[in-house]
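Here the structure comes first, spelled out in structure tokens, and everything after it is commentary.
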Amino acid sequence: MTPAQLAAIHAASFTQPRPWSADEFVALLASERTRLLTSENGFALIQTAGPEAELLTIAVHPNARRTGQGRDLLARALTAAQKAKCEDIFLEVVDDNTPAIALYRDAGFRERAIRKDYYNGANGKKSSALVMHKSL
Ligand SMILES: CC(C)(COP(=O)(O)OP(=O)(O)OC[C@H]1O[C@@H](n2cnc3c(N)ncnc32)[C@H](O)[C@@H]1OP(=O)(O)O)[C@@H](O)C(=O)NCCC(=O)NCCS
């Protein structure tokens, strides 16, 4: 999947946090600490730092949701983090993102903290972030 395709799926999936540009994906993928998992219509990106991994983002194109791609991408991201010898994985999610929170809870993630008014929306509206964790 090209950086432009990643950016297109990201733009179709996010307003908050804001979509990432193709150039931002190029910069992220240049790091040896990031790993990209792709499916037909989606992708997940993790970053490792010693024994900790972070799910930076996961997105499936709106036309292809609820077909199991998100679950499969997340499972493969967890395997990639384990292979990188990570012991814990964290993520941040907007606290009203019901589909993503359901996916993460189903995969064994649990809420660790709430960051109040963490995200700044385009319209000035602030949203809180849930920090979720899973032991690997
Ligand atoms: C979150 C996301 C990646 C899920 O991808 P998906 O391919 O649709 O997910 P799957 O089909 O694999 O579904 C896996 C599970 O996630 C949960 N889920 C997915 N969509 C859901 C929805 N609309 N409502 C409730 N639960 C949902 C369910 O538990 C589902 O299991 P089930 O189908 O057996 O009920 C997708 O909705 C997306 O790209 N959202 C926009 C980007 C985003 O918010 N990413 C997360 C940011 S932290």
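One-based numbering along the sequence shown. Indexing begins at 1, ligand by ligand and atom by atom, following the structure's order.
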Point-to-point distance, once rounded to the nearest 0.5 Å, from NE2 of His10 to CD of Glu24: 9.0 Å
For Arg115, all residues meeting salt bridge (charged side-chain N to carboxylate O under 4.0 Å, His left out), sequence neighbours excluded: Glu92
Name of the residue among Leu74, Leu45, Leu73 meeting side chain to side chain contact (heavy atoms under 4.5 Å, CB included) with Leu55: Leu74
ring-ring contact (aromatic ring centres under 6.0 Å, His included) involving Phe43 - partner list, sequence neighbours excluded: Phe25
ILVMFWY cluster, Leu37 and Leu6 together (side-chain gap under 4.5 Å): no
Under 3.5 Å, side-chain donor or acceptor atoms of residues 77-91 against the rest of the protein: list the pairs with distances, not counting sequence neighbours.
residue: Thr79; atom: OG1; partner: Ala75; partner atom: O; Å: 3.1
residue: Asp88; atom: OD1; partner: His133; partner atom: NE2; Å: 2.6

Residues lining ligand 1 [heavy-atom distance under 4.0 Å, listed by chain and residue number]: Ser13, Phe14, Ile58, Ala59, Val60, Arg65, Arg66, Thr67, Gly68, Gln69, Gly70, Arg71, Glu92, Val93, Asn97, Pro99, Ala100, Ala102, Leu103, Tyr104
